[in-house]
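Comments concern the structure below.
Order of the sequence lines sets the chain letters (A, B, ...), proteins ahead of strands, with each chain counted from 1. Being a predicted model, the structure only gives us computed values, none of them experimental.
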Protein chains: 2
Amino acid sequence: MERTIRYSKKREAILEAICSTDIHPSADWIYQRLKPAHPDLSLGTVYRNLNFFREQGTVQCVAVVNGQERFDANVRPHNHFICDCCGAVIDLHQIPVDAGLDRQVSETYGLQVHHHDLVFHGTCAECREKSQIS
Amino acid sequence: MERTIRYSKKREAILEAICSTDIHPSADWIYQRLKPAHPDLSLGTVYRNLNFFREQGTVQCVAVVNGQERFDANVRPHNHFICDCCGAVIDLHQIPVDAGLDRQVSETYGLQVHHHDLVFHGTCAECREKSQIS
DNA sequence: GTAGTTGCAAAGTCTTTGCACGACA
DNA sequence: TGTCGTGCAAAGACTTTGCAACTAC
């Protein structure tokens, strides 16, 4: 029994908000961003739609930073960098994704591997400058 | 002004609990585990000591699974597998860690890279069996 | 009209924190 | 004896959910 999916202006706006940026926003960022144009938007709706998009495979959660989930509308494999200072999440499109790793893990351990995440941690350029000034 | 660190039975027990297992426990797991032998243990103490060990570099948080932080007393670089079905966190000691990646990201993007995490997602053997039975 | 979607607020979960008391050095 | 560590409970932060009202089809 399939569920029929209906159009909703809020849903469209939420997806548009995620797609419009590369900062890998949190639920609250999306909410704050849309609130001016959609004064009656509720944070619960943002969460519900994020989970909807996640189930659909439209967006994915790429990290949890300071207790907040961070979302990405680019669901193709790519790596990320997280600044441990300011919490920025940055795409690393130039770093190749090793697609053979999943198979390697699968064969070595007998695990059913779906995908992998490669996340680098460190300090971003902006935070580095700030810390050098002080 | 250095802070003097004192001995505490609870702290020792908490670290021992983390070291005694390879399941990468959560704070609550440690609490439940120690409660019988330490009936007056408080969950707040577990959290405080986990953060203490993290600052000392004795343990590290290797993942957030279902909203819970998972800890590891093995702080040397190694990769992990997370079962998206049951939430198990498994060490992958046989999968080599590419130490050169950090430098590569650093040079390509001008970022200060401290370390990276490679996490595989999928279904563990146990969950796979269960799903095949039903 | 039926069923999906939302606002609102309450509840749920995990983690942190203030304060008084207890314990190590 | 001066801090450090802890229990307890309250508070904080993020996310989920129940319900009535609204809306797409």
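Residue B:T4 is in sugar-phosphate contact alone, with no base atom involved, counting any heavy-atom pair closer than 4.0 Å across all strands shown.
If you take OH of B:Y31 and C1' of C:dC14, they are 14 Å apart, rounded to a whole angstrom. Regarding A:E55, its CD atom lies at a distance of 11 Å from the P atom of C:dT5, rounded to whole Å. If you measure from atom CG of A:N49 to atom P of C:dG4, you get 15 Å, rounded to the nearest angstrom. Between the OH atom of B:Y7 and the P atom of D:dC4 there is a distance of 19 Å, given to the nearest Å. What separates CD of B:E69 from P of C:dT16 is a distance of 7 Å, to the nearest Å. Distance A:D28 CG to D:dA13 C1': 10 Å, rounded to the nearest Å. Going from atom CD of B:E12 over to atom C1' of C:dA23 covers 15 Å, rounded to whole Å. The CZ atom of A:F52 sits 9 Å away from the P atom of C:dT6 (whole-angstrom rounding).
Among the nucleotides C:dG4, C:dT5, C:dA25, the one closest to any side-chain atom of B:R6 is C:dA25. Out of D:dT16, D:dG5, C:dG7, the shortest distance to the side chain of A:Y47 is found at D:dT16. Which of D:dG5, D:dG7, C:dG7 sits closest to the side chain of A:T45 comes down to C:dG7.
Nearest-nucleotide mapping onto DNA chain C: of B:A27 and A:K9, the residue sitting toward the 5' end is A:K9. In terms of position on DNA chain D, the residue among B:L41 and A:L43 whose nearest nucleotide sits closer to the 5' end is B:L41.
Side-chain atoms of B:R70 do not come within 3.5 Å of backbone N or O of B:V62 as any donor-acceptor pair.
Between A:H121 and B:H115, a ring centre-to-centre spacing shorter than 6.0 Å is recorded.
Distances shown here put every side-chain N or O of A:S8 at or beyond 4.0 Å from the OP1 or OP2 atom of D:dA24. Not one side-chain nitrogen or oxygen of A:R11 sits closer than 4.0 Å to the OP1 or OP2 atom of D:dT23.
For C:dG4, its base never sits under 3.5 Å from the side chain of A:R48 at any donor and acceptor pair.
Salt bridge annotation for A:E16-A:K9: absent, with no cationic side-chain nitrogen under 4.0 angstrom from a carboxylate oxygen.
Relative ring orientation between A:H80 and A:H24 is described as perpendicular, the plane-to-plane angle rising above 60° on a 0-90° scale split at 30° and 60°.
A donor-acceptor contact closer than 3.5 angstrom links the side chains of A:D72 and A:H78.
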